[in-house]
Number of protein chains: 2
Amino acid sequence: MQDAPNRPYHHGDLRRAVIETALDMLREEKGWQFTLREVARRAGVSHAAPYKHFPDKAALLAELAMIGFDRLRESLSAAKPKAPKSLRDEITTIARAYVAFGTDNPALYRLMFSAEEGKSVGMHLNERALAVFDVLLEILRRGQAAGRIRKRPIEGQAAAGWGLVHGMTMLAIDGLLVPEKVGSAPLDAALSTLVEGLGSPAT
Amino acid sequence: MQDAPNRPYHHGDLRRAVIETALDMLREEKGWQFTLREVARRAGVSHAAPYKHFPDKAALLAELAMIGFDRLRESLSAAKPKAPKSLRDEITTIARAYVAFGTDNPALYRLMFSAEEGKSVGMHLNERALAVFDVLLEILRRGQAAGRIRKRPIEGQAAAGWGLVHGMTMLAIDGLLVPEKVGSAPLDAALSTLVEGLGSPAT
DNA sequence: TATACATTGTTGACAGTGGCTACTTATGCG
DNA sequence: CGCATAAGTAGCCACTGTCAACAATGTATA
């Protein structure tokens with residue numbers, strides 16, 4: 001990372017480098033309790049350099065969390081099938097993508113949901129989080145319009161969907177989805193129940 | 001807490017006092033990142049005294065997490081209606097109790113699901129966690145036997161139930177269940193979808 | 001082109017924390 | 001009376017976030 005001994009005095013793009021390094025560290029560790037100094041170390045700059053780009057550590061954390069939500073939304077959008085064969089197909093595909101994002105980036109995912117405890121930045125962060133929520137809303141809306149989903153208040157159905165995938169993601173990250181208790185494919189099984197709860201009975 | 005200046009040299013029951021104090025602190029703060037020294041301070045003993053009862057901080061955390069799971073299981077057992085009027089009644093009641101436990105003890109709840117990262121103690125901790133899971137399994141088992149719940153692999157249904165309540169609890173703790181997005185009673189709405197997914201279509 | 005200014009990085013340090021360990025002191029019990 | 005237990009005192013040591021002062025570099029302007 002900080003190999004080149006002849007690096008120029010000015011990094012040139014340290015802000016991005018700090019973020020990138022922090023994301024790397026999040027990928028390696030399970031918790032998001034890294035230190036600013038270590039980020040600086042691995043980015044190959046002095047321990048105070050990041051302060052030229054972030055007022056404090058919380059600002060970096062907030063930025064990382066926002067990036068996380070953005071990436072999650074992108075993952076979901078990318079995974080969303082253009083022409084879903086069925087409601088089950090559509091829900092399952094996108095839910096799998098959601099949980100996969102969490103299990104692939106456990107530390108980042110945890111951070112995303114822990115960082116907005118600093119209330120002030122909270123609004124912006126919530127915006128990003130709720131943008132993810134909108135992806136889910138859109139699916140449900142179209143499903144209802146097509147008659148494939150029960151006519152129920154859509155926010156409630158969305159809450160069920162989000163709650164379920166968020167919960168399954170967290171349980172998976174924390175290693176609590178042990179096959180002896182929860183079966184070999186707990187996510188698919190849980191989604192099955194969800195789909196049966198969302199889908200129109202006629203179907 | 002440590003008011004009495006004429007307290008005896010030997011506390012007498014410091015182990016319990018440390019746990020009690022730590023639980024108090026968890027009740028007040030949102031995170032579980034308290035320090036052993038502060039626990040000792042508030043318990044009115046020196047900062048090294050707790051080490052006579054716990055080998056290290058992780059041991060205390062693990063103990064607290066186990067207590068948390070035990071209490072959660074007790075809460076659920078206590079809330080479980082003896083003669084449920086309906087499947088919806090039964091599920092809703094117990095799920096509300098679950099989420100209430102989490103929102104009433106956010107720091108403890110978070111700790112419960114973060115502490116077993118130290119793998120070695122993990123097995124014992126998982127035992128307690130899975131005992132909670134068993135409460136859920138029991139409800140589903142009886143529901144299936146009574147024909148009120150669809151015949152599906154019960155672990156999958158349990159995964160759906162646990163995932164949903166865990167997710168809703170976490171979202172609630174993290175303040176992401178904003179009414180504008182998710183409605184005024186997101187939990188009840190989500191449970192509605194769950195019940196419709198679990199319940200026999202005939203009903 | 002030369003010079004002043006703003007930007008960005010470095011060095012060093014401060015103040016506080018925090019887990020943990022040795023060693024000492026008090027207490028209760030056999 | 002003596003020993004095991006439990007508590008206190010002191011301190012190590014590493015680390016962290018943050019700031020202030022200084023240095024190097026880029027940029028705009030006279």
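Note that the structure is predicted; figures quoted are calculated from it, not measured. Just so it is clear: chains get the letters A, B, ... in the order the sequence lines come, proteins before strands, and each one is counted from 1.
- With D:dA6, C:dG9, D:dT9 as the candidates, the nucleotide lying closest to the side chain of B:Lys52 is D:dA6.
- Each salt bridge (charged side-chain N to carboxylate O under 4.0 Å, His left out) pair with one or both residues in residues 63-74 of chain B, not counting sequence neighbours, appears once here: B:Arg15-B:Glu63, B:Asp70-B:Arg73, B:Asp70-B:Arg128.
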Starting at the 5' end of nucleotides 15-21 of chain C, put B wherever the base has a protein heavy atom under 4.0 Å, S where only the sugar-phosphate does, and a dash everywhere else. ---BBBB
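- Atom CG in B:Asp13 sits roughly 11 Å away from atom P in D:dA6 (whole-Å rounding).
- For NZ of B:Lys151, the number of neighbouring non-hydrogen atoms (other residues, nucleotides, ligands) closer than 6.0 Å is greater than 12.
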Under 3.5 Å, which donor-acceptor pairs link side chains of residues 178-193 of chain B to any protein atom two or more places apart or in another chain?
{"residue": "B:Lys181", "atom": "NZ", "partner": "A:Asp134", "partner atom": "OD1", "Å": "2.8"}
{"residue": "B:Lys181", "atom": "NZ", "partner": "A:Asp134", "partner atom": "OD2", "Å": "3.4"}
{"residue": "B:Asp188", "atom": "OD1", "partner": "B:Arg96", "partner atom": "NE", "Å": "3.1"}
{"residue": "B:Asp188", "atom": "OD1", "partner": "B:Arg96", "partner atom": "NH2", "Å": "3.1"}
{"residue": "B:Asp188", "atom": "OD2", "partner": "B:Arg96", "partner atom": "NH2", "Å": "3.1"}
{"residue": "B:Ser192", "atom": "OG", "partner": "B:Arg88", "partner atom": "NH2", "Å": "2.4"}

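- Nucleotide D:dA6 holds its P atom 12 Å from the CZ atom of B:Phe54, rounded to whole Å.
- Using a 4.0 Å cut-off between a side-chain N of Lys or Arg and a carboxylate O of Asp or Glu, A:Glu138 and A:Lys80 do not qualify as a salt bridge.
- Looking only at side-chain heavy atoms (C-beta outward), A:Leu176 and B:Phe113 come within less than 4.5 Å of each other.
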